[in-house]
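Residue indices begin at 1 and follow the sequence shown.
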Amino acid sequence: EVKMKILLVFWFFLVFLASTLHAITFHCEFRNLSWGGFENLYSCYSPWMSELSNRNLTNVTGIHQTGKTNLDVKSVYILDNTDLTLVPQRIENFFPNFIGLAFQNTSIAELSGDELNSFVNLEAFQIWVNLLERTPGNLFQLTPKLRYIDFDRNQIENVGEQLFNPL
């Protein structure tokens with residue numbers, strides 16, 4: 001009976017561990033930021049993340065300002081994470097009202113045409129001081145509200161045709 005309890009606890013631990021292995025956790029400093037032509041956006045400012053083995057956001061940590069929740073978050077600003085090579089997905093599951101997404105000093109070198117498809121309310125997109133080399137022509141196909149784009153300080157060599165046509 002004791003062996004069975006030990007095995008059961010061990011099994012639950014393994015299931016928990018497996019569920020968190022392929023995930024991204026944002027460790028947010030919740031603060032007001034001004035960027036992308038917007039003033040005082042309540043933001044998840046994330047100077048570090050963990051579990052970068054997959055592109056799906058599965059957890060957010062941090063302490064909100066008084067009276068604020070994830071529903072109040074308007075932007076996600078990822079800073080100084082050279083392990084990040086892909087745009088994290090499922091951000092809207094945690095911050096359903098976010099309109100701004102920024103990456104500064106990451107290792108994102110290429111964007112695919114569907115990177116931003118789930119971010120239909122996106123109004124500001126910044127990928128600044130990264131390794132970006134290519135942007136596909138259909139990158140903004142499902143982001144009709146986008147009004148601020150910043151690709152400054154990258155290594156862009158190839159821009160897809162009609163990149164800005166849907167905007």
Side-chain angles (χ1 to χ4, degrees), residues 12-132 135 139-155 167:
F12 278 116
F13 175 74
L14 286 178
V15 168
F16 171 77
L17 187 61
S19 70
T20 60
L21 279 178
H22 299 291
I24 294 176
T25 296
F26 284 176
H27 301 285
C28 298
E29 295 174 12
F30 292 103
R31 59 171 75 168
N32 290 320
L33 294 176
S34 296
W35 68 273
F38 296 93
E39 296 294 323
N40 294 318
L41 288 175
Y42 186 61
S43 302
C44 165
Y45 180 80
S46 186
W48 62 284
M49 292 179 268
S50 61
E51 302 295 338
L52 295 174
S53 59
N54 188 307
R55 69 182 320 164
N56 294 318
L57 178 62
T58 58
N59 192 26
V60 172
T61 64
I63 299 172
H64 282 284
Q65 294 177 1
T66 304
K68 301 283 189 177
T69 69
N70 282 358
L71 294 175
D72 297 305
V73 172
K74 295 294 184 184
S75 82
V76 175
Y77 200 105
I78 314 279
L79 174 70
D80 294 334
N81 195 312
T82 56
D83 292 330
L84 184 66
T85 60
L86 301 166
V87 173
Q89 298 297 297
R90 299 185 182 161
I91 297 171
E92 70 282 1
N93 292 350
F94 293 88
F95 307 122
N97 298 315
F98 91 99
I99 59 169
L101 183 59
F103 301 96
Q104 181 179 338
N105 195 28
T106 68
S107 293
I108 297 174
E110 186 173 353
L111 297 170
S112 71
D114 59 352
E115 295 276 358
L116 306 178
N117 284 353
S118 63
F119 309 137
V120 295
N121 292 318
L122 198 62
E123 294 183 34
F125 179 68
Q126 175 177 293
I127 185 160
W128 191 70
V129 190
N130 288 271
L131 302 175
L132 188 63
T135 60
L139 181 62
F140 303 122
Q141 66 187 352
L142 296 178
T143 56
K145 297 179 181 179
L146 201 59
R147 53 190 175 126
Y148 175 84
I149 301 165
D150 184 350
F151 289 122
D152 196 19
R153 297 188 185 178
N154 281 283
Q155 302 168 11
L167 305 177

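Rounded to the nearest 0.5 Å, atoms CD (Gln126) and CD1 (Ile149) are 11.5 Å apart. Going from atom CG of Asp72 over to atom CD of Gln65 covers 9.5 Å, rounded to the nearest 0.5 Å. Taking CG of Leu86 as the reference point, atom CD of Glu110 lies at 10.0 Å (rounded to 0.5 Å). Atoms CD1 and OG1, from Ile127 and Thr106 in turn, are 5.5 Å apart once rounded to the nearest 0.5 Å. In this structure, OG1 on Thr58 lies 10.5 Å from CG on Asn93, to the nearest 0.5 angstrom. Annotation: the span from Leu122 atom CG to Asn117 atom CG amounts to 11.5 Å, rounded to 0.5 Å.
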For residues 30-40, run the donor-acceptor check on the side chains, cut-off 3.5 Å, and write out each pair with its distance to 0.1 Å, sequence neighbours left out.
from	atom 1	to	atom 2	distance (Å)
Arg31	NH2	Glu29	OE1	2.4
Ser34	OG	Glu39	OE1	3.2
Ser34	OG	Asn40	N	3.0
Trp35	NE1	Ser75	OG	3.4

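Ion pairing of Arg147 with Glu123 is present here, as a side-chain N (NZ or NE/NH1/NH2) and a carboxylate O approach within less than 4.0 Å.
Side-chain atoms of Leu111 and Leu132, non-hydrogen and from C-beta on, do get closer than 4.5 Å to each other. Taking 4.5 Å as the limit, every side-chain heavy atom of Asp83 sits out of range of all side-chain heavy atoms of Ser107.
The side chain to side chain contact (heavy atoms under 4.5 Å, CB included) test applied to Gln104 returns Tyr77, Leu79, Trp128, not counting sequence neighbours.
Minimum interatomic distance between Ile91 and Leu101 (heavy atoms only, all atoms of both residues): CD1-CD1, 3.9 Å. Of all heavy-atom pairs between Phe95 and Val60, the closest is CZ-CG1, 3.7 Å.
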### Task
Show your working on side chain to side chain contact (heavy atoms under 4.5 Å, CB included) between Val73 and Phe94 and close with a plain yes or no.
CA-CA 9 Å; Val73 172; Phe94 293 88; over 6 Å; no

### Message
Set out, in order, the CA-CA distance, both residues' side-chain angles and the distance that settles side chain to side chain contact (heavy atoms under 4.5 Å, CB included) for Asn97 and Ile99, then state yes or no.
### Response
CA-CA 6 Å; Asn97 298 315; Ile99 59 169; over 6 Å; no

#### Entry: Steps toward side chain to side chain contact (heavy atoms under 4.5 Å, CB included) verdict (Phe140, Phe125)
CA-CA 10 Å; Phe140 303 122; Phe125 179 68; 4.2 Å; yes

### Task
Show your reasoning for whether side chain to side chain contact (heavy atoms under 4.5 Å, CB included) applies to Glu92 and Val120.
CA-CA 10 Å; Glu92 70 282 1; Val120 295; over 6 Å; no

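Side-chain atoms of Ser112 and Asp114 include a donor-acceptor pair closer than 3.5 Å.
Side-chain atoms of Gln89 come within 3.5 Å of backbone N or O of Glu115 as a donor-acceptor pair. Put simply, the side chain of Ser46 never gets that close to the backbone of Cys44: no donor and acceptor are under 3.5 Å apart. Counting only distance, with no hydrogens or angles, the side chain of Asn154 and the backbone of Asp152 share a donor-acceptor pair below 3.5 Å. Judged by distance alone, with hydrogens and angles left aside, the side-chain atoms of Ser43 form no donor-acceptor pair with the main-chain N or O of Tyr45 at under 3.5 Å. Side-chain N or O atoms of Asn56 include none that pairs as donor or acceptor with a backbone N or O of Arg90 at under 3.5 Å.
Of the candidates Asp80, Leu84, Asn130, Asn105 forms a side chain to side chain contact (heavy atoms under 4.5 Å, CB included) with just one, namely Asp80.
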